[in-house]
Amino acid sequence: MTDERKDPSELSDADKPTGNVSSPYDSPTEQFPTVSAKNPLPRTDDDLDFGSTNANSLTEQIPTYRAPGADQPTVALERETAYDAPIAAVPTAEAVAGTTETPRGRGTLDLGLLALRLAVGGTALVHGLQKLTGIWNGPGLGGFETMLADAGFQQAKWMAILGAVGEVAGGALLILGLLTPVAAASVLAVMINAWALRQASAPGLEYFAPDGTEYEMLLGICAGVIILTGPGRIALDGRRGWATRPFVGSLVVLILGIAAGVCTWIFLNGANPLI
């Protein structure tokens, strides 16, 4: 006996079910449509004809899922501006090695400027005190006034006061490194008049001491150098920018100091120091 299913048409009358006895094969669960020329099997998406009354086949369209808020208009996202910036090229090792410089300090520059300020400022200070107070066998303010009057200066009294105070104040400020350009310009103006006075007292050009002008010229040039270089960091002006990196302002102060000394000699004395 086998379990093979036989076609109902091949069953004999004895094998056919009688009465109310039912068989699972007598009531199929679903009847598939008959394929004919009118209703061929769909082969493409166009043959499915979803929702059409003239569909060639029995098909069912699955409903489309729509998320909440799908009916709202789409908002375009703004692009970050950082992504639009050009990408900088990474320097190569050769370029870095060729352009990188080892930072250097100032070395002993500030110490040298301090020594220069102490020398010029100290010399101007002691000579100014000689003229102002008569200390260290100096002429005093009266003797200095007489000397200026004999040299042909007008307003000798005021010139003596301004000259002595200019040397004392300028020398003290140079030592401290305070208001350094103005202090050096004051010493420079005084040394210009001292040079002209020394030069006018002897005929011809004299340079070597004691009759020459080497002392006045040396102090005047050193005062001008301090204006151009600045006082350095070892000074009360050390934190100022022009103390270590002077620029146009220092050149202007130098010109003003020279102009003050020359104009004082021309308008208050008027003699030609070169004859």
Side-chain angles (χ1 to χ4, degrees), residues 116-227 231 236-237 250 252-275:
L116 180 61
R117 285 186 3 249
L118 292 178
V120 177
T123 304
L125 176 62
V126 295
H127 278 274
L129 290 176
Q130 280 184 316
K131 298 178 179 70
L132 186 62
T133 63
I135 195 174
W136 300 310
N137 297 324
L141 194 58
F144 186 41
E145 178 184 352
T146 303
M147 184 177 63
L148 293 179
D150 295 340
F153 274 98
Q154 302 176 13
Q155 305 295 332
K157 180 179 180 180
W158 291 107
M159 280 293 300
I161 296 174
L162 291 177
V165 172
E167 276 192 293
V168 172
L173 291 176
L174 280 179
I175 294 174
L176 297 175
L178 180 62
L179 300 176
T180 310
V182 178
S186 174
V187 174
L188 175 59
V190 172
M191 289 300 110
I192 289 176
N193 283 271
W195 176 88
L197 182 61
R198 173 79 66 174
Q199 186 64 44
S201 62
L205 294 176
E206 297 291 339
Y207 177 74
F208 298 102
D211 297 329
T213 60
E214 59 179 348
Y215 163 76
E216 293 81 6
M217 183 177 292
L218 180 61
L219 282 183
I221 292 175
C222 289
V225 169
I226 294 174
I227 296 175
L236 296 180
D237 291 332
S250 298
V252 172
V253 173
L254 176 64
I255 295 174
L256 291 178
I258 295 174
V262 172
C263 291
T264 300
W265 177 265
I266 292 176
F267 293 107
L268 296 180
N269 189 296
N272 188 355
L274 301 178
I275 297 178

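Hydrogens, waters and symmetry mates are skipped; everything else that's a heavy atom, side chains included, is used.
Across all their heavy atoms, M217 and Y207 have their closest contact at SD-CE1, 3.8 Å. Scanning both residues, V120 and C222, for their nearest heavy atoms gives CG2-CB, 3.5 Å. Annotation for A189 and G257: closest pair CB-O, 3.8 Å, computed over non-hydrogen atoms. Heavy-atom minimum distance, I192 versus G261: CG2-C, 3.9 Å.
With respect to the salt-bridge test (charged N to carboxylate O, under 4.0 angstrom), the residues K157 and E145 do not qualify.
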Donor-acceptor pairs are to be reported for all side-chain atoms of residues 262-275 against protein atoms at under 3.5 Å, with residues two or more places apart or in another chain.
from, atom 1, to, atom 2, distance (Å)
T264, OG1, A260, O, 2.7
W265, NE1, A271, O, 2.8
N269, OD1, A271, N, 3.1
N269, ND2, A151, O, 3.2
N272, OD1, L274, N, 3.2

With a cut-off of 3.5 Å and sequence neighbours excluded, list every side-chain donor-acceptor pair involving residues 163-174.
from, atom 1, to, atom 2, distance (Å)
E167, OE1, K131, NZ, 3.1

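Between the OG1 atom of T123 and the CD1 atom of I175 there is a distance of 9.0 Å, given to the nearest 0.5 Å. Q154 CD to L148 CG: the interatomic distance, rounded to the nearest 0.5 Å, is 12.5 Å. Expressed to the nearest 0.5 Å, how far CE of M159 lies from CZ of F153 amounts to 4.5 Å. To the nearest 0.5 Å, atoms CG (D237) and OG1 (T180) are separated by 4.0 Å.
Legend: residues meeting side-chain hydrogen bond (donor to acceptor under 3.5 Å, both in side chains) with W195, ordered by chain and number and at least two apart, are T213.
Between L197 and N193, every side-chain heavy-atom pair lies at or beyond the 4.5 Å cut-off. L219 places none of its side-chain heavy atoms less than 4.5 Å from the side chain of V187.
Here the side chain of S186 pairs no donor or acceptor atom with the backbone of V182 at under 3.5 angstrom. R117 contributes a side-chain N or O that, together with a main-chain N or O of P231, makes up a donor-acceptor pair within less than 3.5 Å.
Considering L256, I255, L254 as possible partners of V252, the one that fulfils the side-chain contact (heavy atoms from CB on, under 4.5 Å) test is L256.
Taking the six-membered ring for Trp, F144 and H127 have ring centres at least 6.0 Å apart.
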